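As the structure is a computational prediction, the values presented were derived from the model and not from experiment. The residues of the chain are indexed from 1 along the displayed sequence. For the numbers below, each heavy atom of this structure counts, side chains included, while hydrogens, waters and symmetry mates do not.
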Amino acid sequence: MTQNTNYTDDNIRTLEGVQHVRMRPGMYIGRLGNGNNPGDGIYVLLKEIIDNSVDEYAMGFGKQITVDISEDNHVTVRDFGRGIPLDSVVKAVSILNTGGKFDDKVFKKSVGLNGVGTKAVNALSESFYVCSYRDGESSWARFERGELKDSGKDIASKEKNGTLVNFYPDPMMFGKFAYNLSFVETMVKNYSYLKKGLTLVLNGTPYKSENGLLDLVNENLSEEPLYAPIHLEGEDIEIVLSHGRDYGENISSFVNGQNTRDGGTHLAAYREAIAKTFKDFFKKNYAPEDCRQGIVGAISIQIQEPNFEGQTKTKLGSNYMWEKQTHDEHGTLHLDTGPTIRSYVNSFVAQELDNYLRIHKELIPIIEEKIKDSQREREEISGIQKKTRERNKKANVYNKKLRDCRFHYNDKANEKTQDDIERSSIFITEGDSASGTITKARNASYQAVFSLRGKPINSYKESRKKVAENEELNLLISALGVEDDLENLRYNNIIIATDADNDGMHIRMLVCTFFMKYYPDLIRRGHVHILQTPLFRVRNKTANRYCYSPEEKEQAIAELKNKVEITRFKGLGEISSDEFADFIGEDMRLDQVRLADEESISEIMEFYMGDNTIERQNWLRHNLKSEKELEDVDI
């Protein structure tokens, strides 16, 4: 019988700014996390504060920003810009949709235009302190979890103009968190590349770039490119490009100094412009993917009032260089738009890259030979893959391998579906037992399962032809939707779910090797993950605890105290579907597969997946660890 619940005026609630941020943090900073992933919320908090300081520099105020992160994860950011107007300090950091960036006379090409960023940091911090210094005076305020605790002014300050912010992310929101300084260093370096002349000092170490994006690309090159990177600059646009020997495309993209990890309209326009310019220059109808195969580069544009997809600003959604509503003298509303981003980028690349090639004629044969090599290999492999797909269709293998979900990453999102599309995932499992468990436990709206039959081939050692003929890998790529272009990716999260034994680890390495060699951008864009599954279950008559490490197991034993039963899980198939639902739900633990830009893919694969050299044997001896296998025991 349905329970009769009264729905009255008393049920209608209005959440004030801080309350709403704390109740719905994902709307403001994306994921929470504990700092193990560069996309975790604590880095978004830091970025929001630095963004404000960088915007000051972009407007011509302050040449240095200091960032200090203590061992206990307290963060201090100090800039030397204009400082927040002294009578508006409290409002500027605590009232949503309040700030100077809504006035484009003050901030013309800023990242944080929504008046939310600093307020979200305030609301999600256990402690938050801000002090603005202006012309010998200062104004400060101290908050706890977004609530004002104290504030005041000092009319005799000797500090230089600017703003100081100190905050400590709230453990109630982020749990046991810690900043990974290598992630922060990458963030700070990117700011320095994008704002030439700006010095950022991280824990005493200064970072400054004189050559902008060229420094970024040169520093991140893992091996010698086919030719020196081409660096072109114009009004509101800067690009760098070269070709390397690896597969895929490695193009970083930025808007107003913001690293758009997931690309957007500017990256799509740049990719299109590169291919079109080469085709027009050589007067041959080369395929776009052949023109871009192995490309290494970057693009940065400056636009007014950028529209990002989500508060974390990792994908640009704007279509125009500027777009704003204005009223004429009669009060009629008009939409004023600049050129489209697509036409602006295409026009710049077509003119400047064409001019560059005509001046530097020595590059012409190198670039065309690279395009022709890519074309020959693609056409050869395409024929092999076509035959393999036709053979798979006849055998009706496809449906047996993939248990698909309802929503996909490349679907068009609306308010109702955007969360499921963002969560879209595919679990790559080994064997029928594990895939059966995950299939029963999954959420079929956004979680798909792909079952491998045994170990895939070693993609590093085998020829490209042999890889193209492989049934397993062809079906996997077809399931992911990336046969022709990574923009068609069907799942945001590619999750390798294997047993934690030797065979499972080997399969994990083989799948990662395949992605690293032929689809490295899937890793660079943060799509590839390893599923953590519990190693132990500790339980007594009143409670169950699932433990992911021996340390967690010991803690669970100490907390449960009474007669405890310990189960060591050896494979995914041993875990019931009811239990597994918890491990792939909201609290799912994932290890992101990361590849530092400066790391050489070929060197990594040669070391781990190549011949068994003395160096690798010594490394294994040095790093080998044994773990006592615990069967079911009673304590």
**Student:** Does a side chain donor of either Thr76 or Asp68 reach within less than 3.5 Å of an acceptor in the other side chain?
**Tutor:**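 No.
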**Student:** Looking only at the aromatic ring of each residue, does the gap between the centers of Phe583 and Tyr546 stay below 6.0 angstrom?
**Tutor:**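 When the ring centroids of Tyr546 and Phe583 are compared, they turn out to be within the sub-6.0 Å range.
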**Student:** Side chains of Leu531 and Ile496, heavy atoms from C-beta outward: is any pair under 4.5 Å?
**Tutor:**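 A side-chain contact under 4.5 Å is absent here.
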**Student:** Are His527 and Tyr409 an aromatic pair, judged by ring center distance below 6.0 Å?
**Tutor:**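 Between His527 and Tyr409, which both carry aromatic rings, the centre distance is below 6.0 Å.
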**Student:** Salt bridge or not between Glu487 and Arg525? Use side-chain N to carboxylate O under 4.0 Å.
**Tutor:**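 The answer is yes: the pair qualifies as a salt bridge.
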**Student:** Given Arg490 and Asp411, is the salt bridge (charged side-chain N to carboxylate O under 4.0 Å, His left out) satisfied, shown in steps?
**Tutor:** CA-CA 8 Å; Arg490 301 177 72 235; Asp411 291 344; over 6 Å; no
**Student:** Tell me whether Arg442 forms a cation-pi arrangement with Phe427, defined as NZ or CZ under 6.0 Å from the six-membered ring centre and within 45 degrees of its axis.
**Tutor:**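 Judged by the rule (NZ or CZ under 6.0 Å from the ring centre, within 45° of its axis), Arg442 is not positioned above Phe427.
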**Student:** Check the pair Val90, Phe143 against side chain to side chain contact (heavy atoms under 4.5 Å, CB included), reporting the backbone distance first and the verdict last.
**Tutor:** CA-CA 9 Å; Val90 172; Phe143 298 81; 4.2 Å; yes
**Student:** Between Gln64 and Tyr57, is any side-chain donor less than 3.5 angstrom from a side-chain acceptor?
**Tutor:**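 No, no side-chain donor-acceptor pair sits under 3.5 Å.
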**Student:** If only side-chain N and O atoms count, and only distance matters, is there a donor-acceptor pair under 3.5 Å linking Tyr168 with Asp72?
**Tutor:**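 The criterion, which ignores hydrogens and geometry beyond distance, is not satisfied for Tyr168 and Asp72.
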**Student:** Could Lys153 and Glu137 be called an ion pair, given the rule that one side-chain N must be under 4.0 Å from one carboxylate O?
**Tutor:**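 No, no charged N to carboxylate O under 4.0 Å.
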**Student:** Side chains of Arg142 and Phe128: does their closest heavy-atom pair fall under 4.5 Å?
**Tutor:**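 They are not in contact (no side-chain heavy atoms under 4.5 Å apart), so the answer is no.
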**Student:** We want to know whether Ser425 and Asn493 form a side-chain donor-acceptor pair, criterion being a heavy-atom distance below 3.5 angstrom.
**Tutor:**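 Yes, Asn493 and Ser425 have a side-chain donor paired with an acceptor closer than 3.5 Å.
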**Student:** Could you check if a side-chain atom of Ser253 sits within less than 4.5 angstrom of a side-chain atom of Tyr270, using non-hydrogen atoms only?
**Tutor:**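 No, too far: nothing below the 4.5 Å cut-off.
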**Student:** For Tyr207 and Glu185, does a side-chain donor sit closer than 3.5 Å to a side-chain acceptor?
**Tutor:**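 On atom types as modelled, these side chains qualify, holding a pair under 3.5 Å.
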**Student:** Determine whether the side chains of Glu551 and Gln555 contain a donor N or O and an acceptor N or O closer than 3.5 Å.
**Tutor:**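 The criterion, which ignores hydrogens and geometry beyond distance, is not satisfied for Gln555 and Glu551.
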**Student:** State whether a side-chain donor-acceptor pair under 3.5 Å links Asn166 with His74.
**Tutor:**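 Short answer, no.
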**Student:** Under the salt bridge (charged side-chain N to carboxylate O under 4.0 Å, His left out) rule, what do Arg78 and Glu159 come out as? Steps first, then yes or no, please.
**Tutor:** CA-CA 11 Å; Arg78 170 71 156 101; Glu159 288 280 344; 3.1 Å; yes
**Student:** Is a salt bridge present between Asp170 and Arg145, judged by a nitrogen-to-oxygen distance below 4.0 Å?
**Tutor:**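 Result for this pair is yes, salt bridge flagged.
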**Student:** So which atom in Ser53 and which in Asp79 form the shortest heavy-atom distance, rounded to 0.1 Å?
**Tutor:**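 Here Ser53 and Asp79 meet closest at OG-OD2, 2.8 Å.
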**Student:** Give every residue pair that meets the salt bridge (Lys or Arg N to Asp or Glu O under 4.0 Å) criterion with at least one member in residues 198-209, sequence neighbours excluded.
**Tutor:**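 The answer is Lys208-Glu210.
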**Student:** Checking the side chain of Asp40 only, and the main-chain atoms of Asn36 only, is there a donor and an acceptor separated by less than 3.5 Å?
**Tutor:**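 Yes: the side chain of Asp40 pairs with the backbone of Asn36.
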